[in-house]
Asker: 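Below are the structure tokens for one structure; questions will follow.
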Amino acid sequence: MALLNDLLNLNLSDHTEKIIAEYIWIGGSGMDMRSKARTLSKPVSSPSELPKWNYDGSSTNQAPGEDSEVILYPQAIFKDPFRGGNNILVMCDCYTPQGVPIPTNKRHNAAKIFSNPDVVAEEPWYGLEQEYTLLKKDVNWPLGWPVGGFPGPQGPYYCAVGAEKAFGRDIVDAHYKACIYAGINISGINGEVMPGQWEFQVGPSVGISAGDELWIARFLLERITEIAGVVLSFDPKPIPGDWNGAGAHTNYSTKSMREEGGYEVIKKAIEKLGLRHKEHIAAYGEGNERRLTGRHETADINTFKWGVANRGASIRVGRDTEKEGKGYFEDRRPASNMDPYVVTSMITETTLLWTPN
């Protein structure tokens, strides 16, 4: 009799042209990822070759029970590291049967912003730093922490090596390789300041693809932690007190910023971001006020300030950017549970399309 793993590891492409497509979307909370699979008759290379599909929106808090059908529009394709072969993951967004984007569809508006000719000409690049916390399943307490107790103070854990300092590295490395296999432009990983907390970086990615890639990277991480029996948390302040929170620092540049004289363009963009600070904070993640306290490498949530190499600022400009007179800057305000479609498109809209009164 075949073992379960033998069946899971079957290479379908040796026996059939048929493939499995895992359709993925964002549920009603704005952070819950949902997915279901369907069989396709042959491999595909573009989202346009994929059929639209539907699901029961009343079961995801996205539609009423008496009119529950929500339509999935395939938008981006990635290789499936779990099933291998020609099987794929499909990032979708959600519409009514009449073709109207549902309220939780944040991708639709982002795609409109990124398709604006003024934005296309500037080729906005993003580097997204996704922090997250691994929790023990039954007690919802960080991995590696004594049950009901606390480890030693922060200091030894950042980028650390060792059984008493680094917790969950097998999950982190499995996720790293899965992202590369899938075709996500993941650029690195590291252990974070709080034990049990890690970070991965996606980018540089252009425009809407930054959001697609981060959401699929989150999906992969959810699946891997599911296999490992560990809970994944994107809470911006999972442990109250003298512990670092979890953010999603967003690095950004435009073509003009990357060219000679770009530093002046960067300063003007930062000035515009300061004028819309409250609007950005409101869209940068739930519970962010627990993280943005002015401590633990953050600026206070009600204060906008920027600086060179200042990790206590809202916006940080790197030393290299200052020295070379061009480059990128980092928005340190987004929380770990932010929606990358919202954050990336809002930064672009404010810096490239918005004109102060």
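Side chains included, hydrogens not; waters and symmetry mates left out as well; all remaining heavy atoms used. All values reported here derive from a predicted model rather than from experimental measurement.
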Asker: Using 30° and 60° as the class limits, which term best fits the ring planes of Phe329 and Tyr252: parallel, tilted or perpendicular?
Answerer: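 The rings of Phe329 and Tyr252 stand perpendicular, inter-plane angle above 60°.
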
Asker: What distance do Leu220 atom CG and Phe200 atom CZ have between them, rounded to the nearest 0.5 Å?
Answerer: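 Atom-to-atom, Leu220:CG and Phe200:CZ are 8.5 Å apart.
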
Asker: Pair Glu289, Lys237 - check salt bridge (charged side-chain N to carboxylate O under 4.0 Å, His left out), show working.
Answerer: CA-CA 9 Å; Glu289 72 282 351; Lys237 187 73 173 180; over 6 Å; no

Asker: Met33 and Tyr341: same hydrophobic cluster, using ILVMFWY side-chain contacts below 4.5 Å?
Answerer: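 Yes, one cluster joins them.
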
Asker: Regarding Arg333 and His277, is there a side-chain donor-to-acceptor distance under 3.5 Å anywhere?
Answerer: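 Yes, a side-chain donor-acceptor pair sits under 3.5 Å.
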
Asker: Does Asp235 form a salt bridge (charged side-chain N to carboxylate O under 4.0 Å, His left out) with Arg290? I'd like the steps, not just the answer.
Answerer: CA-CA 10 Å; Asp235 191 295; Arg290 293 183 281 117; 3.0 Å; yes

Asker: Would you sort out whether Lys267 and Glu264 count as a salt bridge (charged side-chain N to carboxylate O under 4.0 Å, His left out), showing the intermediate values?
Answerer: CA-CA 5 Å; Lys267 287 194 284 188; Glu264 290 305 312; 3.1 Å; yes

Asker: Salt bridge or not between Arg316 and Asp331? Use side-chain N to carboxylate O under 4.0 Å.
Answerer: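 Result for this pair is no, no salt bridge flagged.
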
Asker: List the atom of Tyr23, the atom of Pro74, and the distance in Å for their closest heavy-atom pair.
Answerer: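 Smallest interatomic distance, heavy atoms only, reads CE2-CG, 3.9 Å.
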
Asker: What's the spacing between His249 NE2 and Leu128 CG if we round to 0.5 Å?
Answerer: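 Nearest 0.5 Å value for the NE2-CG distance: 12.0 Å.
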
Asker: Please confirm whether the ring centroid of Trp141 lies under 6.0 Å from the ring centroid of Phe150.
Answerer: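 Close enough - the centres of the two rings lie under 6.0 Å apart.
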
Asker: Looking at Lys323 and Asp320, does any basic side-chain N land under 4.0 Å from a carboxylate oxygen?
Answerer: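 Salt bridge absent between Lys323 and Asp320.
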
Asker: Drop me the distance from Thr348's OG1 to Asp118's CG, to the nearest 0.5 angstrom.
Answerer: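 Reported to 0.5 Å precision, the distance equals 12.0 Å.
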
Asker: Can you name the closest pair of heavy atoms from Ala160 and Arg169 and give their distance?
Answerer: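 Smallest heavy-atom distance, with atoms named: O-NH2, 2.8 Å.
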
Asker: Check whether the side chains of Asn288 and Glu286 place a donor and an acceptor atom closer than 3.5 Å, and report yes or no.
Answerer: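 Checked: Asn288/Glu286 side chains show no N/O donor-acceptor pair below 3.5 Å.
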
Asker: Would you name the heavy atoms of Thr133 and Pro238 that are closest together and state the gap between them?
Answerer: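 Looking at all heavy atoms of both residues, the closest pair is OG1-CG, 3.5 Å.
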
Asker: Once you round to the nearest 0.5 Å, how far does OG1 of Thr39 lie from CG of Asn87?
Answerer: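 Here the rounded value is 9.0 Å.
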
Asker: Is a salt bridge present between Asp242 and Arg295, judged by a nitrogen-to-oxygen distance below 4.0 Å?
Answerer: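 Judged by the 4.0 Å cut-off on N to carboxylate O distance, Asp242 and Arg295 do form a salt bridge.
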
Asker: Between Thr225 and Tyr132, does the side chain to side chain donor-acceptor pair (under 3.5 Å) criterion hold? Intermediate values first, please.
Answerer: CA-CA 12 Å; Thr225 52; Tyr132 60 93; over 6 Å; no

Asker: So which atom in Ser205 and which in Ala210 form the shortest heavy-atom distance, rounded to 0.1 Å?
Answerer: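 Where Ser205 meets Ala210 most closely, the heavy atoms are CB-CA, 3.7 Å.
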
Asker: Can you tell me how far apart CZ (Arg218) and NE2 (His175) are? Round to the nearest 0.5 Å.
Answerer: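 One gets 10.5 Å once the value is rounded to the nearest 0.5 Å.
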
Asker: Are any non-hydrogen side-chain atoms of Val90 and Tyr73 less than 4.5 angstrom apart?
Answerer: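 No, their side chains stay 4.5 Å or more apart.
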
Asker: Provide the closest heavy-atom pair for Gly85 versus Asn11 in the form atom of the first, atom of the second, distance.
Answerer: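 Taking every non-hydrogen atom into account, CA-OD1, 4.3 Å.
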
Asker: Can you measure from CG (Asn105) to CG (Asp93) and round to the nearest 0.5 angstrom?
Answerer: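 Here the interatomic distance stands at 4.0 Å.
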
Asker: Is there a side chain to side chain contact (heavy atoms under 4.5 Å, CB included) between His280 and Met346? Walk through the geometry before answering.
Answerer: CA-CA 7 Å; His280 279 256; Met346 196 172 191; 3.6 Å; yes

Asker: Between Ser209 and Asp212, is there a side-chain donor-acceptor contact under 3.5 Å, judged purely by atom types and distance?
Answerer: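 There is no such pair between these side chains.
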
Asker: Is there a continuous path of hydrophobic side-chain contacts, each under 4.5 Å between heavy atoms, that joins Val172 to Ile227?
Answerer: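 Val172 clusters together with Ile227.
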
Asker: Of Lys36, Arg34, Gln62, which is the lone residue that meets side-chain hydrogen bond (donor to acceptor under 3.5 Å, both in side chains) with Tyr55?
Answerer: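 Of Lys36, Arg34, Gln62, side-chain hydrogen bond (donor to acceptor under 3.5 Å, both in side chains) with Tyr55 is met by Gln62 alone.
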
Asker: Begin with the C-alpha distance, continue with both residues' side-chain angles, and end with the deciding distance and a verdict on side chain to side chain contact (heavy atoms under 4.5 Å, CB included) for Glu213 and Asn185.
Answerer: CA-CA 7 Å; Glu213 291 182 26; Asn185 192 23; 3.2 Å; yes

Asker: Passes side chain to side chain contact (heavy atoms under 4.5 Å, CB included), Ile20 versus Leu12? Steps please.
Answerer: CA-CA 9 Å; Ile20 301 170; Leu12 297 180; 3.9 Å; yes

Asker: Would Ile315 and Leu273 count as a side chain to side chain contact (heavy atoms under 4.5 Å, CB included) if you check the C-alpha gap in whole Å, the side-chain angles of each, and the deciding distance to 0.1 Å?
Answerer: CA-CA 9 Å; Ile315 305 288; Leu273 287 169; 4.1 Å; yes

Asker: I'd like to know whether Glu260 forms a salt bridge (charged side-chain N to carboxylate O under 4.0 Å, His left out) with Lys326, so could you lay out the CA-CA distance, the side-chain angles of the two residues, the decisive distance to 0.1 Å, and finally the verdict.
Answerer: CA-CA 6 Å; Glu260 293 302 319; Lys326 59 184 178 180; 2.9 Å; yes

Asker: Taking the six-membered ring for Trp, is the centroid-to-centroid distance between Trp145 and Trp243 below 6.0 Å?
Answerer: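 They qualify: ring centres under 6.0 Å apart.
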
Asker: Under 3.5 Å, is there a donor on one side chain and an acceptor on the other for Asp80 and Tyr181?
Answerer: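 Side-chain D/A pair, Asp80 to Tyr181: absent.
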
Asker: Of all heavy-atom pairs between Glu129 and Asn251, which one has the smallest distance, and what is that distance?
Answerer: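 Taking Glu129 first and Asn251 second, the nearest heavy atoms are OE2-ND2, 2.8 Å.
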
Asker: Decide side chain to side chain donor-acceptor pair (under 3.5 Å) for Tyr157 and Gln197; before the verdict, give the C-alpha distance in whole Å, the side-chain angles of both, and the deciding distance to 0.1 Å.
Answerer: CA-CA 9 Å; Tyr157 310 107; Gln197 200 171 81; over 6 Å; no

Asker: Do you reckon Ile24 sits in the same ILVMFWY cluster as Ile184, going by side-chain contacts under 4.5 Å, direct or chained?
Answerer: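 Ile24 and Ile184: one cluster.
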
Asker: Do Leu232 and Ile171 belong to the same hydrophobic cluster, where Ile, Leu, Val, Met, Phe, Trp and Tyr are linked whenever their side-chain heavy atoms lie under 4.5 Å apart, directly or via other members?
Answerer: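 The answer is yes; both residues are in one hydrophobic cluster.
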
Asker: Linking I/L/V/M/F/W/Y whenever their side-chain heavy atoms sit closer than 4.5 Å, directly or via other members, would Tyr158 and Ile189 fall into one cluster?
Answerer: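 Tyr158 does not cluster with Ile189.
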
Asker: Looking at Arg38 and Glu22, is there a salt bridge between them, counting it only when a charged N and a carboxylate O are closer than 4.0 Å?
Answerer: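 Looking at Arg38 together with Glu22, the answer is no, because their closest N to O distance does not fall below 4.0 Å.
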
